[in-house]
Protein chains: 2
Amino acid sequence: MSVASTCTSTRQAPKQNGIIDKLRSAIVQGKLKPGDRLPVRTELEIQHNASRVTVQKALDELIRDGFVVSKGKLGTFIADTPPCLNHYGLILPFSPTHPRWTGYYDALMLSLHELNESLQDQIHVYQGINRVTDENFPSLCDDVYARRLAGLLFAEGPIELTHTPLIREQVIPMVASMSGNHHPGLEHMVSCGFDLSSGLDLACKILRQHDVQRMAVIMISTAREPFSKFMEPIMNANGFAYNPVFCQSAPMEHREEAACIAQLLMSLPKEQRPDGLYISDDNLVPAVCRGLIKTGVKVGVELHLVAHRNYPSQANHILPMHDVIFDIRQMLSICLKRLEAKRMGDDSMKPVKIKAIRDSEIKEIKQKVDSLGF
Amino acid sequence: MSVASTCTSTRQAPKQNGIIDKLRSAIVQGKLKPGDRLPVRTELEIQHNASRVTVQKALDELIRDGFVVSKGKLGTFIADTPPCLNHYGLILPFSPTHPRWTGYYDALMLSLHELNESLQDQIHVYQGINRVTDENFPSLCDDVYARRLAGLLFAEGPIELTHTPLIREQVIPMVASMSGNHHPGLEHMVSCGFDLSSGLDLACKILRQHDVQRMAVIMISTAREPFSKFMEPIMNANGFAYNPVFCQSAPMEHREEAACIAQLLMSLPKEQRPDGLYISDDNLVPAVCRGLIKTGVKVGVELHLVAHRNYPSQANHILPMHDVIFDIRQMLSICLKRLEAKRMGDDSMKPVKIKAIRDSEIKEIKQKVDSLGF
DNA sequence: TGGGATTTGTCCGTATGTATA
DNA sequence: CTATACATACGGACAAATCCC
């Protein structure tokens, strides 16, 4: 949080960096464990054939980065929580003021708040890292290559960064949460995603319970392709006809367009227009509500609403509606578990598809975190 | 943005810190100006009666903090934009996930984005600093005492920090934006605030234009006291009767309560209930809308709405309403100007009360920034 | 195009100060 | 009180970069 930047010097300082690298690698690889005592200065001087100042400068940097702590007369020790073992990075592609910031990121930050209380502040958020030219990208790289992080968790597949050394080299474990399309070069990072079809299925079931006859869906434009695969079969399986006209979308950058679409949908003759609507992205809810209010349709009577919601976020609905919930905390936990496993050399974990739940099925985070071994 | 923390060593290092302090003070006081060349190392050694390494370590820290840059054979120079002259801190009392985060902070961040493009990224945001125990407070103090900041701008009067050394000592210029109550010990910091009475006045005028007969106001609970001073006279001056029953509030922590209040207000018999409503805080708009929608009142016909809005924020209204705008960019500019003046030793600037404007009166930031000399 | 001059930055070996078990 | 280990400091040497002639 400090203003200071960790600028690596322009020169190389081979000896100093040699010592730093050697000790740091030993910590990263587990040869030196938290609490272990380092040799005394004179011993390190001999081991590395270096002088007092050089050894000390190397240790200074390791101390600054939190790898070791010195305890006066007791000696110098590996820190209890060296960053390379305990400090994860969560990468969000945008910052909160960016037009493409979404409710999903809000939910992630909220989950983090809850998790961090049980996890001793181990997750650092990097906002606005989407492409190489983004302001914070260099500092992320710095932190990764200086091993100040135990792993990276991308809130979205870092598509624009696929061909950067950061992603190609994977010097530290990295996972990404991706629900939608597959992207070449990122497959090995995908560890978690939401099962969009389960959300649609749950929405169908809720609307069925309210005797809906004609169901419509409004989604984010980029979701249309993944949806196209399961849309018709799932709707049919739940007894709904699949009507392409009732399946509309708005782009994330212009979510307000969803208002017009909602209005248009409800402008059809009463016996033809939908009497059930699934808003498959929480970011579209305000706009859709705005549109529906203008039409004067009686929501809850003439039209039943179901909306996607990312769990820890508040459902601040203007109109009465049911929730189809994706639990972001669950996603975070799975990703962290996978990162931990990867760090231990286990890369066998299969990507998990998280299913949508109703609000009655939300579990407390405390149990969940405990059951995952945090 | 880096993970690394700027931990000052546990020991004192008198010589090294002596050199750092001397050079840094010279920069802060303007004895050394950006672009000036420092004496060569040997000269510094002689001046401070210190050895090579000591001088170099001192310079290393100044380089890390951005006070000086070294250009190889050309020598070592004062940085073009040393932090103590160019790097301001904006302090927000909460973080975006805190229940007391408000739309005002959103607007501030948006203004900053605009400003930073013309100002070369000189403003750093410290989130979640409200009281001494807050996580980021120590790093803020660090940055202030290491003179890594040219000044502080508090988004709200730092009431909980009044008796901390940070506020009492004022080692760097500090200003605060406060619209409401005065707080002892902070008077000298107040430099800017919004003229709440002008907002009410403008709201009255807009509602008058729509032939409103009975005007109601919903505000944030803490605003009731400042409002009480001008409420009646301003409403009377605009031809409205002042009815305490039509003047309600909801606390920021429970803004959703405003929905019930709005419902209750509109439950009165049609000829008695208000036909004009001023929502004097943007954070209450969603809740009030939710409440009004439930009542089925025809907004724009049976009830005219006017709502407060912080300018660069999007007006994402669900219901048709007019805006009473406070321009946050203007506030930011004034505060920065005042900080600059304070730094130059001019503490004579009187606090400015910014008046509310209509959307037609919004000016482009470009002109405004230019006219302020940035 | 190249080589000397200058300045920065790293490193060595040693010495001293300081906190503490 | 003493021994130990960390931390700062000294002066000299030298490598690396680069401007200037």
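Note that these values count all heavy atoms, side chains included, but never hydrogens, waters or copies made by symmetry. Just so it is clear, the model here is predicted, and its values are computed rather than measured. Sequence lines set the chain letters: A, B, ... in the order given, protein chains first and strands last, and positions in each chain run from 1.
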*Asks:* According to ring pair (Phe, Tyr, Trp, His ring centres under 6.0 Å), who are the partners of B/Phe137, at least two apart in sequence or on a separate chain?
*Replies:*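 Expected list: none.
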*Asks:* Here's a test of your reading of the structure: between B/Thr42 and A/Lys71, which maps to the more 5' nucleotide of DNA chain C?
*Replies:*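 Checking each residue's closest nucleotide, the 5'-ward one belongs to B/Thr42.
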*Asks:* Can you check the B/Ile20 CD1 to D/dT8 P distance for me, whole Å?
*Replies:*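 About 11 Å, once rounded to whole Å.
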*Asks:* For B/Leu59 and C/dT10, give me the distance from atom CG to atom C1', rounded to whole Å.
*Replies:*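 My rounded result for the distance is 14 Å.
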*Asks:* With the side chain of B/Lys15 defined as its heavy atoms from C-beta on, choose the nearest nucleotide among D/dC6, D/dC10, C/dC11.
*Replies:*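 The closest nucleotide is D/dC10.
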*Asks:* Considering the options B/Leu153, B/Leu339, B/Leu152, which one meets the side chain to side chain contact (heavy atoms under 4.5 Å, CB included) requirement together with B/Pro173?
*Replies:*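 Running side chain to side chain contact (heavy atoms under 4.5 Å, CB included) over B/Leu153, B/Leu339, B/Leu152 with B/Pro173 returns exactly one hit, B/Leu339.
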*Asks:* If you assign A/Leu74 and A/Ala50 each to the DNA chain C nucleotide with the nearest heavy atom, which residue ends up on the more 5' nucleotide?
*Replies:*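 Looking at the nearest nucleotide for each, A/Ala50 comes out on the 5' side.
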*Asks:* Return the polar atom pairs (N/O with N/O) between nucleotides 4-6 of chain C and the protein under 3.5 Å, or none.
*Replies:*
from, atom 1, to, atom 2, distance (Å)
C/dT6, O4', B/Lys73, NZ, 3.1

*Asks:* For B/Arg147, enumerate each residue passing the salt bridge (charged side-chain N to carboxylate O under 4.0 Å, His left out) test, keeping only those at least two apart in sequence or located in another chain.
*Replies:*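 Checked B/Arg147 against salt bridge (charged side-chain N to carboxylate O under 4.0 Å, His left out); zero matches.
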*Asks:* Tell me: CD of A/Gln16 to C1' of C/dG9, nearest whole Å?
*Replies:*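 In whole Å, C/dG9 C1' lies 10 Å from A/Gln16 CD.
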*Asks:* According to salt bridge (charged side-chain N to carboxylate O under 4.0 Å, His left out), who are the partners of A/Asp347, at least two apart in sequence or on a separate chain?
*Replies:*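 Partners of A/Asp347 under the salt bridge (charged side-chain N to carboxylate O under 4.0 Å, His left out) test: A/Arg338.
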*Asks:* Specify whether B/His124 and B/Tyr126 have parallel, tilted or perpendicular ring planes, treating 30° as the upper limit for parallel and 60° as the lower limit for perpendicular.
*Replies:*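 Rings of B/His124 and B/Tyr126: perpendicular, as their planes differ by over 60°.
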*Asks:* Between P on D/dG12 and CD on B/Gln56, what's the gap in Å once rounded to a whole number?
*Replies:*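 After rounding, the reported distance stands at 17 Å.
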*Asks:* Side chains of A/Leu149 and A/Cys84: does their closest heavy-atom pair fall under 4.5 Å?
*Replies:*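 Contact flag for A/Leu149/A/Cys84 side chains = no.
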*Asks:* Rounded to whole angstrom units, what separation is found between the CG atom of B/Leu44 and the P atom of D/dG11?
*Replies:*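 From B/Leu44 CG to D/dG11 P: 15 Å.
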*Asks:* Report yes if at least one side-chain N or O of B/Thr54 is closer than 4.0 Å to OP1 or OP2 of D/dC10; otherwise report no.
*Replies:*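 For D/dC10, OP1/OP2 do have a side-chain N/O of B/Thr54 under 4.0 Å.
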*Asks:* Listed by chain and number, what are the side chain to side chain contact (heavy atoms under 4.5 Å, CB included) partners of B/Val53, not counting sequence neighbours?
*Replies:*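 Scan of B/Val53 (side chain to side chain contact (heavy atoms under 4.5 Å, CB included), adjacent residues dropped) gives A/Val53, B/Ser51.
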*Asks:* Quickly work out the B/Arg41 CZ to D/dA9 P distance and round it to whole Å.
*Replies:*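 Value for this atom pair: 16 Å.
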*Asks:* Give a yes/no on whether any side-chain N or O of B/Ser70 is located under 4.0 angstrom from OP1 or OP2 of C/dT7.
*Replies:*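 No, no such contact exists.
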*Asks:* Distance check needed: D/dA7 C1' versus A/Leu38 CG, whole Å only.
*Replies:*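 Result: 16 Å.
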*Asks:* Could you check whether any side-chain heavy atom of B/Leu85 comes within less than 4.5 Å of a side-chain heavy atom of B/Thr81, counting everything from C-beta outward?
*Replies:*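 SC-SC contact between B/Leu85 and B/Thr81 ruled out.
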*Asks:* Can you tell me the distance, in whole Å, between the CD1 atom of B/Ile46 and the P atom of C/dT7?
*Replies:*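 Checked: the CD1 to P distance equals 12 Å.
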*Asks:* Please tabulate the protein-to-nucleotide N/O contacts below 3.5 Å involving nucleotides 14-16 of chain C, giving atom names and distances.
*Replies:*
none

*Asks:* I'd like to know if A/Arg24 pairs up with A/Asp21 as an ion pair, taking the criterion as any Lys NZ or Arg NE/NH1/NH2 lying under 4.0 Å from an Asp or Glu carboxylate oxygen.
*Replies:*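 A/Asp21 and A/Arg24: salt-bridged.
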